[in-house]
Every structure is written in structure tokens, then in C-alpha cells.
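Reviewing the structure listed below.
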Amino acid sequence: MAESMVADKLSGWNKEAEIPEMRPGDTVRVHVKIVEGARERIQVFQGVVMRMRHGTENGTFTVRRIAAHGIGVERTFLMASPRIDHVEVLRRAKVRRAQLYYLRKYRGKAARLKEDRSGLAKG
């Protein structure tokens, strides 16, 4: 009973967010709402999708980027989070794994993924 009430409340949690279809290996730009006191601003987090969990509605996705001095930063986002303004897919890559944890040990050019151009229009 209580579980169904919680599920009903969360089902329409973030209908206005624009989350496109994405897969592990895609390079994405996530626009996140940050609240600082009374102010609210948008912060952009750009990186490679490392994993996706539990489908689309109740799922999460983890994005990894390389910050200053070569330090890797991973951030996990809820698909239905009201903190996500929108997500842009910048680049798609060909990968053969569902979770790209192996990218953690590579640096620089070794961490590149082969681009998937199959969905692009010819012309």
C-alpha cells in the first residue's frame, strides 16, 4: 500500500526534463540545477556515460569526466531527478560492454572510444 503511494508520487517526478536516448560510451553534457542559498543556477557536467542502471524511468546513469590535473570525476544522476534541467548527447561511441569501468585505468589518448557514425545522415 505505502509502496504504491510512493511509486505514484515519484512516477511523474521529472516529466519536464529532456533526457534523450543514450547508451554507455556516449559523450553527454548534463545541465544540472545547483541551489546556492536563495540563488539557483545551471552547472554543466560533460563526460562519457560509464553505465546505465534500471532502464529509463527509475534508473540512474554515471558520467565520467577528466577534471584539472588529470583527476577523473564520476557523478551519478537519477533519470527522474528534478535537479536535471536537460541532457545533450554530443557524440556516440561503439562499445561492447554495458559498464565501462575499464576506462578508469586509461589516461589521455588511450581512453578514447571509437566514434559510432552509423546514425548520422549521409551527405
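Residues L100 and I66 are members of separate hydrophobic clusters, defined by side-chain heavy-atom contacts under 4.5 angstrom among Ile, Leu, Val, Met, Phe, Trp and Tyr. Grouping the Ile, Leu, Val, Met, Phe, Trp and Tyr side chains by contacts below 4.5 angstrom, directly or via other members, places I84 with V73. Under a hydrophobic-cluster definition in which Ile, Leu, Val, Met, Phe, Trp and Tyr are linked whenever side-chain heavy atoms come within less than 4.5 Å, directly or via other members, M50 and M22 are assigned to different clusters. Transitive grouping of hydrophobic side chains (ILVMFWY, heavy atoms separated by less than 4.5 Å) brings M79 and V28 into a common cluster. Tracing side-chain contacts under 4.5 Å through hydrophobic residues (I, L, V, M, F, W, Y), one reaches V49 starting from V30; they form part of the same cluster.
Side-chain contact check for Q99 versus R53: some heavy-atom pair is nearer than 4.5 Å. Side chains of V35 and R83 form a contact here, defined as non-hydrogen atoms less than 4.5 Å apart.
Using cut-offs of 30° and 60° on the angle between ring planes, the pair H86 and H31 is parallel.
In this structure, P20 and V89 approach most closely via the heavy-atom pair CG-CG2, 3.7 Å. Considering every non-hydrogen atom in both G25 and A93, the closest pair reads O-CB, 3.3 Å.
With sequence neighbours excluded, the residues forming a salt bridge (Lys or Arg N to Asp or Glu O under 4.0 Å) with R29 are E88, listed by chain and number. Residues satisfying the salt bridge (Lys or Arg N to Asp or Glu O under 4.0 Å) test with E40, not counting sequence neighbours, are none.
Exactly one of T62, T60, V87, V32 qualifies for a side chain to side chain contact (heavy atoms under 4.5 Å, CB included) with F77. That residue is V32.
Identified under the salt bridge (Lys or Arg N to Asp or Glu O under 4.0 Å) test for residues 91-107, with sequence neighbours left out: D26-R92, E74-R104, R91-E115.
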> Could you go step by step and tell me if L113 and L103 meet the side chain to side chain contact (heavy atoms under 4.5 Å, CB included) rule?
Replying inline: CA-CA 9 Å; L113 297 171; L103 288 178; 4.1 Å; yes
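Summarising the local packing, CZ of R41 is surrounded by more than 12 heavy atoms from other residues, nucleotides or ligands at distances under 6.0 Å.
Using modelled atom types, one finds no donor on one side chain facing an acceptor on the other under 3.5 Å when comparing R112 with Y106.
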